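No hydrogens, no waters, no symmetry mates; every other heavy atom, side chains included, goes into these values. Just so we're on the same page: letters track the sequence lines, and every chain starts at 1. Since the model is a prediction, treat every value here as computed from it, not as a measurement.
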2 protein chains.
Amino acid sequence: MARKPLTRPRKTASQDRSRATVDALIEATARILVREGFDQASTNRIAREAGVSIGSLYQYYPSKEALVAAVIDRHNRDLMAIVRRALADAEAQPLETGARRLIAAAIEAHRLDPKLHRVLAEQTPRTGALVNVEAFNSETYGLFRGYLEGRRAEVRAVDLDLAAFVCVTTIEALTHTAVLHRGEGLAEAGVEALVEEATRLVVGYLR
Amino acid sequence: MARKPLTRPRKTASQDRSRATVDALIEATARILVREGFDQASTNRIAREAGVSIGSLYQYYPSKEALVAAVIDRHNRDLMAIVRRALADAEAQPLETGARRLIAAAIEAHRLDPKLHRVLAEQTPRTGALVNVEAFNSETYGLFRGYLEGRRAEVRAVDLDLAAFVCVTTIEALTHTAVLHRGEGLAEAGVEALVEEATRLVVGYLR
DNA sequence: AGAAAATGGGAGCTATCGCTCACATTTTAC
DNA sequence: GTAAAATGTGAGCGATAGCTCCCATTTTCT
């Protein structure tokens with residue numbers, strides 16, 4: 001029996017070397033995505049940007065898509081942290097206040113790294129290894145559904161799955177489109193107006 | 001002074017030949033996008049599929065992106081026809097009925113050619129010639145804003161631009177996500193439930 | 001009919017892409 | 001100290017992409 005030839009990302013090791021290499025690769029990938037777009041993000045270009053040889057790149061990532069997927073994962077983790085924090089706050093608040101808090105968090109999330117978010121949303125084809133990296137939303141549905149369960153008394157009797165779908169999809173679309181299309185310099189007044197409108201929309205729907 | 005070398009899509013000519021060639025190219029592009037995805041849609045592949053030489057392809061389209069843009073334009077025209085028809089109907093109906101009509105039309109639009117729609121939405125990078133092919137939505141905003149103007153008496157006093165943004169973005173996101181993610185075989189019962197929920201959402205918001 | 005314009009054809013150029021492999025260097029284990 | 005394992009290097013291979021150019025065929029015009 002032959003040995004396994006060479007599998008995916010090697011685990012830990014002399015931490016300082018290989019971990020730094022991996023970090024440099026992910027960071028370089030994100031930088032190129034933001035500055036030059038998805039098309040320019042070839043493996044050779046990424047390796048050069050990271051100051052790492054192309055051979056080393058392939059030690060840790062089997063393809064360009066794996067690299068981009070790693071960037072997406074990291075970005076999603078950051079977004080989810082914001083969402084989770086807002087949900088924790090909202091649990092202790094009345095429905096309308098909580099909704100406002102969640103919507104503000106959605107905007108905050110979209111403003112975390114809007115340029116990266118835009119590239120990932122507009123230029124990154126959901127293909128190959130990237131097909132299922134929409135896991136972000138499905139997790140959000142679940143969390144929000146849990147929130148609604150704790151609020152049963154305040155919402156009309158509805159299919160909670162359906163309601164979660166409607167609310168999450170709506171909030172995501174409104175904040176996403178506003179932040180990306182209304183310019184990243186969306187003024188504070190604009191943000192407030194958007195939060196108010198979105199709050200009215202979902203609260204009116206849930207009650 | 002030299003002559004202009006050779007510009008973009010030639011206009012009319014011996015209609016039967018060149019017009020057929022152009023049609024074959026667009027049709028072939030759409031077919032490949034649907035069947036094999038954006039990545040496989042190389043100019044050579046498209047020309048082969050269309051039964052046209054690569055030289056002829058470049059007589060009419062300067063790049064692969066121009067071809068895809070043509071497919072998008074055609075698709076958007078089809079979608080807009082559905083939207084316009086629904087809006088015309090809605091003008092003569094009370095707010096809630098009209099909203100229901102518009103939402104049903106949005107679903108209908110997404111079901112026109114869901115596979116193509118999905119490829120364009122998920123795999124087609126908005127880059128180069130494709131950056132501004134989001135013209136579809138901006139036109140819809142305008143049309144819907146016009147609809148709201150005629151309904152001033154029935155909606156609370158609001159910024160109509162903002163309201164149009166909220167409604168169009170919301171309806172688009174809900175129908176898009178539902179059709180694409182809840183499987184293309186979204187049962188009739190599911191469609192009805194979705195229309196009801198979305199109608200409640202936007203009507204509650206507008207009143 | 002004959003010339004010119006329009007259209008179609010496709011071999012093949014250049015560039016770049018993803019990726020491998022043979023080897024060098026560094027770290028770890030004993 | 002020394003052998004083995006881990007990590008890093010980069011020239012370069014094969015494939016394919018977009019696209020040009022030159023020539024053949026068809027249509028139009030007079």
Side-chain angles (χ1 to χ4, degrees), chain A residues 3-26 28-29 32-33 36-70 124-125 127-130, chain B residues 2-26 28-29 32-33 36-70 123-125 127-130:
Chain A
R3 312 196 47 217
K4 239 184 227 156
L6 208 340
T7 38
R8 236 41 60 71
R10 228 68 152 281
K11 286 296 139 112
T12 50
S14 62
Q15 242 112 9
D16 286 347
R17 283 224 295 164
S18 70
R19 179 66 196 157
T21 300
V22 169
D23 279 1
L25 285 170
I26 297 186
T29 304
I32 294 177
L33 286 177
E36 309 180 26
F38 183 85
D39 287 347
Q40 301 302 317
S42 70
T43 50
N44 282 296
R45 180 76 188 78
I46 291 170
R48 178 154 47 90
E49 175 78 19
V52 156
S53 80
I54 182 66
S56 295
L57 183 153
Y58 278 96
Q59 292 259 334
Y60 299 105
Y61 295 98
S63 68
K64 162 187 174 168
E65 288 185 346
L67 242 353
V68 175
T124 307
T127 296
L130 269 31
Chain B
R3 312 194 49 217
K4 238 184 228 158
L6 208 339
T7 39
R8 237 44 61 68
R10 228 68 153 278
K11 287 294 139 118
T12 51
S14 61
Q15 242 111 9
D16 285 347
R17 283 225 295 164
S18 70
R19 179 68 195 154
T21 300
V22 169
D23 279 1
L25 285 169
I26 297 186
T29 304
I32 294 177
L33 285 176
E36 310 180 27
F38 183 84
D39 287 347
Q40 302 301 316
S42 69
T43 50
N44 283 295
R45 180 77 187 77
I46 291 170
R48 177 154 48 90
E49 174 79 19
V52 156
S53 81
I54 183 68
S56 296
L57 184 152
Y58 278 98
Q59 292 258 335
Y60 300 105
Y61 293 97
S63 70
K64 161 187 174 168
E65 289 185 347
L67 243 352
V68 175
Q123 295 187 28
T124 307
T127 294
L130 269 31

Go through the structure and list residues passing side-chain hydrogen bond (donor to acceptor under 3.5 Å, both in side chains) with S56(B), not counting sequence neighbours.
S53(B)
Write down the distance between CG (L67(A)) and C1' (dC17(C)), rounded to a whole number of angstrom.
15 Å
Both Q40(A) and T21(B) contact DNA chain C. Which one's nearest nucleotide lies toward the 5' end?
T21(B)
Sequence neighbours left out, what passes side-chain hydrogen bond (donor to acceptor under 3.5 Å, both in side chains) with N44(B)? Give chain and number order.
none
How does each nucleotide of nucleotides 20-25 of chain D score, in 5' to 3' order, for protein heavy atoms under 4.0 Å: base (B), sugar-phosphate only (S), or none (-)?
B-----
So L67(B) and Y60(B), do their side chains get closer than 4.5 Å, heavy atoms only?
no
Toward the 5' end of DNA chain D, which comes first, S53(A) or N44(A), by nearest nucleotide?
S53(A)
Which atoms form the tightest heavy-atom contact between I26(B) and A70(B), and what is the distance?
CD1-CB, 4.0 Å
Can you tell me the distance, in whole Å, between the CD1 atom of I32(A) and the C1' atom of dG18(C)?
15 Å
E36(A): side-chain hydrogen bond (donor to acceptor under 3.5 Å, both in side chains) partners, not counting sequence neighbours
R45(A)
In this structure, how many angstroms lie between the C1' atom of dT26(C) and the CG atom of D16(A), rounded?
13 Å
Between atom CG in L57(A) and atom C1' in dT20(C), what is the gap in whole Å?
13 Å
Please state how far atom CZ in R45(B) lies from atom P in dA15(D), giving the value in whole angstrom units.
19 Å
Output all residues satisfying side-chain hydrogen bond (donor to acceptor under 3.5 Å, both in side chains) with S63(A), sequence neighbours left out; order by chain, then residue number.
none
Atom pairs under 3.5 Å: protein N/O with N/O of nucleotides 13-16 of chain C:
none

Distance check needed: dT16(D) P versus E36(B) CD, whole Å only.
14 Å
With a 4.0 Å limit, can you tell me whether Y61(A) has a side-chain N or O closer than that to the phosphate oxygens OP1/OP2 of dC19(C)?
no
